[in-house]
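What follows is one structure encoded as structure tokens, with my remarks underneath.
In the text below, chain A, chain B and the rest are named by the order of the sequence lines, each starting its count at 1. Side chains are part of it too, since the values below use all heavy atoms of this structure and drop only hydrogens, waters and symmetry mates.
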Amino acid sequence: MKSWKFLLITGRSLKQGQAAEQGKFSPEYINETTTVEIGKEDAEKLGLSDGMEVKLKNTCGEGIFHVRISQGLPSGILFIPYGPSANLLIPAETGGTGMPGCKGIDVELLKER
Amino acid sequence: MSGVGEMNEILLRPKVEFDVPVEAEVISPDLFAEKSHEEIGSLPVFLGNRKMCLKDLFEIEGQSSTNIVLEGDFSRVKKIGYGMSRGKIHIKGNVGMHTGATMKGGEIIVEGDAMDWLGAEMNGGLIWVKGSVGHFAGASYWGSKHGMNRGMILIEGNTGNEVGKKMRRGTIAIKGKTGDFLGVGMIGGTILAFSETGERPGAEMKRGSIVLFLENCTNPPPLLPTFTYNCTYSPTFLRVYLKTLRKLGFPVKEEYISGKYRRYNGDIVELGKGEILIYEP
Amino acid sequence: MRIMWINGVEIEDTFAEAFKMYAARIIVTAVNRQWALEAATKLSGFATSIIACGCEAGIEAEISPEETPDGRPGVSVLLFTMGKKGMEEQLLNRIGQTVMTCPTTACFNGVTSQEKVKVGGKLRYFGDGFQISKLLGERRFWRIPVMEGEFLVEDYFGIQPAVGGGNFLILGETPEQTLKAAERAAEASRSVKGVVLPFPGGIVRSGSKAGSRYKFLRASTNTAFCPTIREQVKSELPPGVNCVLEIVIDGLDEEVIRQSMKRGIEAACIEGIKRISAGNYGGKLGPFHFYLHELFKQ
Amino acid sequence: METISATCPFCGCLCDDIQIVVENGKVLEVKNGCSISKTLFTHHDPDDLVPQIEGKKASLEEALDRAASIIRQARFPLVFGLSMTSCEAQRKAVELAEFIGGNIDSTSTFCHGPTTLAMQSVGEPTCTLGEIKNRADLVVFWGCNPVEAHPRHIARYSVSPKGLFNPAGRRGRTVVTVDVRATPTARVSDIFLQIQPHKDYEVFEVLRALLKGKDLRIDSVGGIPLDALKDLVNKMKSCKFGIILFGMGLTMTRGRHLNIEAAISLVRDLNQFTKFLIIPMRGHYNVTGADAVLTWQTGYPYALNFSRGYPQYNPGEFTTVDLLRRKEVDAALILASDPMASLPRQASSYLEEIPFVVLDCRKSYSASFATVFIPVAASGVSISGTAYRMDGVPVLLKKVLDSPHPTDEQVLDGILKRLRQR
Amino acid sequence: MIRITKGKVYDPINGINGKELDIWVDGGKIVQVGDAPDLVAERIIDAEGCIVMPGGIDIHSHIAGGKVNLGRKLRPEDHRKDVVPRTETTRSGVGHSIPSTFVTGYRYAQMGYTMVMEAAMPPLTAKHTHEELHDIPIIDKGSYTLMGNNHFILKFIEKGEIEKVKSFISWLLKTTKGYTIKIVNPCGVESWKWGKNVENIDQQAADYAVTPRQLISILSQIADELGLPHSIHLHCNNIGVPGNYETTVESMKATGTNRVHVTHAQFNSYGGKGWADIHSKAREVVEYVNEHPNVTFDAGQIVFGDTTTMTADGPWQYRLYLLSGNKWVNADVEMETSAGIVPYTFRKKSLVNAVQWAIGLELMLLAEDPWRAFMTTDHPNGGPFTFYPQIIKLLMSRAAREEMIAQLPRRALERISLPQITREYSLYEIAIITRAAPSKLLGLHQKGHLGVGADADIAIYRENPDVEKVFSSVQYLLKDGEVVVENGIVLKSTSGRILYVDPGEEGDIEEYIREEFEKFYTVTLDGYGVPENYLERGECVSCG
């Protein structure tokens, strides 16, 4: 399976905030927090389109996400809204500060067939 | 270095594997001196939130000594040698956080690894770690104006981030790799890092010296743009430091003593009187 | 009065009278032996007598790279003054003018002592704010930027009580023989660690006595030992003596002076030397009295 | 049908101008609120929650008994969360943590904990949000995205409102966004500087150097041309009142607290030229309150340990992610947070190895794994109280709907009472 | 019923100076003084060898609120060196310069204090102040509401609408549950919102055509008209600046014959053109006070050592940051005020600090009327309140002062007059400046004395030749008639009262300002104030 290296950023999205209020087990929340955003250019290069499933993995863990193509993302960077799925990929090392590094994480993207 | 069985030393071994942290700043030559076996055994320690006696947690051999030997896994035992002013602690294993923090004198030798805050805000004495250490060795505690103020920390393994943070005086030498922000906010003192270092060494330093040897480092991190190159030369003071380390038995290659170094000053967003010296092979 | 002879030379039963002084030991290192010696020679230059030089100084020894703080060839210089203040002044001026100025050198303290004088701590101002302090253990160094690179000098130099003015006189038949004996004596005296012979080649020809007929002079020529006026004064010279040379020794303590005098006298007792004597002021001025005979007891 | 004034208990904006139309205990309409606020009030349905022990339905009394017994046995327990409840409950949580000699930590641990660390190093020149509205002519959003995280921030406080000394509102301000991605916030800004990930520290250093008039021999830093930064520095120096608003883009990236330290130092230095201040964009509606309550009661804002009967503070040592990663705690009590959803799995998975108690007003991931789950009434929906806005302004939380459940405070008190009787 | 017997009683309000008298306490009040053959006590406190005084009252201390709490948050290094474990009866916390709330209450009580006034409460965050006051045990409390840079007050004055100013102040005191009008660097703090300041009392604020002189004059007038139990509480312009004594004297003059309390006067009694020639002008300031019975002041004495400075005077704190290079917090509060925090160490070796130290004592020793001079450190600005016993000793002993003066730089001596001052306070005078006068200044009739009907807040100290020891720790402290501290140990953590005023002259001002308020504030007007339920034991003190 082919894989590409990316830097992953996790963060808030409006939908995630809203969906959490609808319930952590609501389809809206699950859907939003298993979405990975990718820049248009990268998506084209990798042959990805909205809704396609990809696997993301790194030394912390792995997860399946579905693609959403985003205008704002520069090449080489992925974005996932905060949530249990994103947390599979976030290292718990805090550099002695208490704060895990939730942004700019090395991940590999694998295209599901 | 003294071995076990030597005359007049106190030997401690954990009785159990600790599942929660232990706070034991009483493991200190200052407190063990002139105390009977019984008195030492009654010194207070904390196993999590339970106040206990030293003898509840450790097998103790010997009495009245400033020479302490620790055998076994002490990686969850914190504050060993905290504030000590004399004597010696020899740890034959790993050791927990805050080892030798705020110490004023004496010697701590760790055969294994040490966790975060090793020798934080220390004021004198020597700490020698054969293994690796965590973050903030020789650093300031949160909020403090300055970190290590005197003394020497020698580390043969690797370190975490912010080693020597805000240090004012003293010397830290690291044989292995160092993490990010080596010597951040330094006010003075000297850090010698022999291998690879993480990002942003010397950030916000006012004064002090960071010497990078970058041994086996193929891809050294760029210095911050707020450090500026001055010249390449052979600093005499460095010869004195390296010779001193060698005399103590810390491994230093001959070519470093007579070698040339690139001198950068910074951090210009602060006072700018600090320096990073980079060995030029 | 007992008489003592060494190798046919009479050792007079008298004593050398020495004074309390302060001493400092300065270790000068440089890129090589030559430059270290160059600086050390200048550092200890014009320092024969406290009377007019402000201090007495000399090269004590060369030091191998293994023994110097920075692992480079070094030279140790001993410098003697009467007081602490004078020492501070002398070290500051001399190190500033002769060591700092000399290519590649560095300058370290060679005396561990409670008492000390600030040197690097004052010289540092030459750095115009760009000087850098380094504290290693209990020792502080100053790095002063100079055109060639950096001058490294120790913050404080230890000073210790010392002994100045150990001496003996070589009374010979001819100037040639006396000079030869004095040269041998100087070399032997110098071989003791902890002493220096501040005069040229370790030898002084113009020995002095305290006082003078002129009010403005505190000391004047040692008339009792001047052969050319033997008959005009109350002379101490035995018959046949036509030349006298003196060896003057400053040392860190009495014992090294004793050793140094002993070795020097032994070396001086060669053919053509009539007598070995010593300079004193009747025991009124200095607390240290080195009786020549006692040097050779036991 | 009645209209009730409310304060929105979602984000650190704590908008207190919400009007809620209620009929028969049902919310019909949420006026003034953002889309999240509307969802929050309309989706509030606590009725299906019951106390549970190991996944099985239990009475409140049984749940409290079990919770107390878990905590009583623990030697190194953790009390965690606190940021989505009122100060009154937070006070009780501190009392409990102190009584049991445990650790206590809030969600500051993974939002603005690094901001606190930076503040403790260099200080913090800051202000209340009204100062921005009334005075700011330069607003810089750095590593934050209020359009999605604090939906009314821009309209209510920082960009559009007309202020006392800024009658022109939006037109009277220059808005700059610095971010890795072109967020919706970037799109409403006048200037967007796209920065490479992890390069914020370098950019701040360069800005500080430029402010000090230093020449730098570089063309760009962190993907931003030096000329753009020179321009930004000039704008900062020449504005009348500038503000930096920053978020997780600084606290969570490489450098963490030191990124903030650099940002604060820049702002501090700018005060030699003009008025310039900085405000962290706090996320959860009362995480600022958690900081405040902990600080006034103990001296420290988070990452505390009471093992020795007095508070010890040390982020990195007593912070939740570290305590869990190092597997040091032996029990946990979680309120007003959902660590199973919000913490790195590497850390939160340890909770499954120890007994833990969860208090929550809704079904959360943590609740479903908890040894004991106790449903509570939602602060700001069913209970009144106090909460602190991101800028430290205390705001009243109001009761809008009834709840069948006890408050956090009552539950904590119940546990505490059981612990005291022995 | 408790009977305190055999103690030497110092009760200046009732003219009792060290007389042995029985004091009878019941139901939280003093019910009888002297012999009472009819009364039966359930408990007799044997006060032989003890001094009996009313509980101490601190009229100016920063103990609660947003700024204090930011100070706490700022300084973990300050807390680490002074930790306080919990006990069966007390909560844990930290001490030194910014103690946690519980510890603040305990430590005041342990020193025999039963009432403390928080000196600066921003209206917008008044709830915060009250939340913290709630968590300060044992002592009674009140807060001064910051008004010297309030938008509405400045605007109304600018427009000459003095009646509106009065209504607004009345409303604001009630709304914030404040005790009096606090003025900090009037107009200067408003200017600070643009990074500026005012340099004298006739310079207008940056955004309003109002001068400090006008503001001080009008607000002091209004305080008297409203009959507030305490006068305006004034932190003058130009604090900490050499030469500022003129501003201080001018500020006092601006009040005419209206009451005015000049706070931490030490920081405002400097002569000289700069730090190089700073010298004491305590005499000039005190002379004005001595001649004008409408004026009172407190010392703001400094204590050598490390502390945390915090005031609502934003520009001053920024200046102090520039001087010290220490970490700096600034917290501007929209429409109203500001705050700044800078850690600072007062050093004996520092010429400026030595002069400051002397000025505080000079002010106290030169003041002729002890009823108008108050001992404070402006906690924690001059030093932590826990140093009060040391200051009492300095006031009472010239020898103690000389011992300290000997340690100061010699150059300081020509800049101060302290070495020449021979006065020594008596115990009776100490009782005046720390008990009787504060209660009078605050307009409280049931406090600060031991007469029948007074609140039974009584401090009993063990006599000792070292006065510092006497006042460091009480033998007994009775609060509202209950023994809460014994032998320095807190036995019971009770709740004190919150005192506030409601002058009742707000009229319809709330509705008048509503629109403007909601336009420029970021909270709703209805959510602005402090609801009654924040005050566990609220007590409204009457005006007029």
Side-chain angles (χ1 to χ4, degrees), chain D residues 5 7 16-17 87 91 95 98-99 116 119-131 133-135 156-157 161-165 240-241 268 271-277 291-293 295-301 306 308-314 386 388-389 391-396, chain E residues 64 66 68-70 72-80 83-87 91-94 98-103 124-128 131-132 135 151 192-195 207 318 321-322 326-335 338 341-342 518-524 526-527 531 534:
Chain D
S5 301
T7 298
D16 70 342
D17 61 344
C87 293
R91 278 176 164 135
E95 189 180 346
E98 180 194 284
F99 185 79
T116 293
M119 182 257 199
Q120 289 170 347
S121 181
V122 290
E124 186 179 44
T126 189
C127 62
T128 64
L129 294 168
E131 286 293 284
K133 164 162 110 171
N134 287 330
R135 295 175 195 268
R156 195 165 143 83
Y157 306 121
K162 293 183 169 135
L164 188 56
F165 305 107
K240 276 186 80 184
F241 183 110
R268 180 196 64 200
N271 280 277
Q272 301 210 16
F273 300 90
T274 184
K275 186 82 183 186
F276 222 105
L277 302 168
D291 278 18
V293 169
T295 302
W296 82 59
Q297 294 206 338
T298 72
Y300 308 112
F306 283 108
R308 309 182 67 152
Y310 56 80
Q312 294 194 85
Y313 163 77
N314 201 16
T386 315
Y388 285 71
R389 210 166 66 181
D391 56 353
V393 172
V395 177
L396 297 173
Chain E
V68 176
N69 216 30
L70 280 173
R72 291 191 190 101
K73 189 175 170 187
L74 181 70
R75 300 212 62 196
E77 77 282 14
D78 183 80
H79 311 323
R80 274 197 294 273
V83 293
V84 182
R86 80 177 186 93
T87 68
R91 298 284 302 273
S92 71
V94 294
I98 334 125
S100 54
T101 49
F102 304 123
V103 174
L124 182 60
T125 58
K127 284 192 277 294
H128 185 167
E131 280 216 289
E132 287 196 25
D135 281 355
H151 162 74
W192 173 241
K193 301 292 182 74
W194 299 117
D207 298 305
Y318 179 62
Y321 148 69
L322 291 178
N326 293 336
K327 48 192 176 185
W328 169 54
V329 168
N330 177 84
D332 291 348
V333 180
E334 65 207 50
M335 312 292 285
S338 173
I341 306 162
V342 178
E518 301 212 323
K519 205 165 153 197
F520 298 130
Y521 271 90
T522 53
V523 294
T524 55
D526 295 332
Y534 273 68

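For chain D, the option among E/Y318, E/W194, E/W192 with the highest count of heavy-atom pairs below 4.5 Å is E/W194. Here D/R91 is the residue among D/R308, D/R91, D/R389 with the most heavy-atom pairs under 4.5 Å with chain E. In terms of non-hydrogen atom pairs under 4.5 Å with chain D, the most contact-rich of E/E518, E/H151, E/R75 is E/H151. Per-residue counts of heavy-atom pairs under 4.5 Å with chain E were compared for D/P394, D/C127, D/S5; the largest is that of D/P394. Of all the listed residues (D/F306, D/Y388, D/F276), the one sharing the greatest number of non-hydrogen pairs under 4.5 Å with chain E is D/Y388. When the candidates E/T125, E/V329, E/D135 are compared by the number of heavy-atom contacts under 4.5 Å with chain D, E/D135 comes out ahead. The candidate from E/S338, E/A331, E/P99 with the greatest count of non-hydrogen atom pairs under 4.5 Å with chain D is E/A331. Taking E/N69, E/V342, E/D78 one by one and counting their heavy-atom pairs under 4.5 Å with chain D, the maximum is reached by E/N69. Options E/N326, E/V94, E/V68, E/T87 differ in how many heavy-atom pairs under 4.5 Å they form with chain D, and the most are formed by E/V94.
Contacts of E/V523 with chain D are made by both backbone and side-chain atoms, with heavy-atom separations under 4.5 Å. Within the 4.5 angstrom heavy-atom criterion, atoms from both the backbone and the side chain of D/T386 approach chain E. Of the atoms belonging to E/F520, heavy atoms from both backbone and side chain fall under 4.5 Å from chain D. Only the backbone of D/S121 comes within contact range of chain E, judged by heavy atoms closer than 4.5 Å. Contact annotation for D/P311: both backbone and side-chain heavy atoms come within less than 4.5 Å of a heavy atom of chain E. Contacts between E/P531 and chain D at a heavy-atom distance below 4.5 Å involve the side chain alone, from C-beta outward. Contacts of E/I98 with chain D are absent, with no heavy-atom separation under 4.5 Å from either backbone or side chain. If you measure heavy-atom distances from D/F273 to chain E, you find no contacts under 4.5 Å at all.
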List the steps, then state whether side chain to side chain contact (heavy atoms under 4.5 Å, CB included) holds for D/L164 with E/E334.
CA-CA 10 Å; D/L164 188 56; E/E334 65 207 50; over 6 Å; no
Output, in order, the C-alpha distance, side-chain angles, deciding distance and verdict of side chain to side chain contact (heavy atoms under 4.5 Å, CB included) for D/V393 and E/T522.
CA-CA 10 Å; D/V393 172; E/T522 53; 5.7 Å; no
For E/D332 and D/R135, what are the C-alpha separation, side-chain angles and deciding distance, and is it a salt bridge (Lys or Arg N to Asp or Glu O under 4.0 Å)?
CA-CA 12 Å; E/D332 291 348; D/R135 295 175 195 268; over 6 Å; no
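By the 4.5 Å heavy-atom criterion applied to side chains, E/E131 and D/C87 are counted as neighbours. When side chains are defined from C-beta on, D/Y310 does not count as touching E/V103, because their heavy atoms never get closer than 4.5 Å. Between D/Q312 and E/V83, every side-chain heavy-atom pair lies at or beyond the 4.5 Å cut-off. Side-chain atoms of D/E95 and E/R91, non-hydrogen and from C-beta on, do get closer than 4.5 Å to each other. At least one side-chain heavy atom of D/K275 sits under 4.5 Å from a side-chain heavy atom of E/N330. Under the 4.5 Å side-chain criterion, counting only non-hydrogen atoms from C-beta, D/T128 is in contact with E/L124. A 4.5 Å side-chain heavy-atom check between D/R268 and E/Y321 finds at least one atom pair inside the cut-off.
E/H128 and D/W296 have tilted rings, their planes meeting at an angle from 30° to 60° on a 0 to 90° scale.
Note that CE of D/M119 and CG of E/L70 are 5.0 Å apart. Values are rounded to the nearest 0.5 Å. Remark: D/D16 CG to E/Y521 OH distance equals 13.0 Å, nearest 0.5 Å. A distance of 5.5 Å separates CZ in D/F99 from CZ in E/R86, rounded to the nearest 0.5 Å.
Panel note: side chain D/N134, backbone E/M335; no donor-acceptor pair is recorded below 3.5 Å. With hydrogens and angles ignored, the 3.5 Å screen pairs no side-chain donor or acceptor of D/T295 with any backbone N or O of E/R72. Not a single donor-acceptor pair under 3.5 Å links the side chain of D/Q297 to the backbone N or O of E/F102. A donor-acceptor pair is defined here as one N or O able to donate and one able to accept, closer than 3.5 Å; such a pair exists between the side chain of D/K133 and the backbone of E/K519. Under a 3.5 Å cut-off, the side chain of E/K73 and the backbone N or O of D/Q120 do not form any donor-acceptor pair. With hydrogens and angles disregarded, a donor-acceptor distance shorter than 3.5 Å links the side chain of D/E98 to the backbone of E/S92.
If you look at D/Y300 and E/H79, their ring centroids are closer than 6.0 Å.
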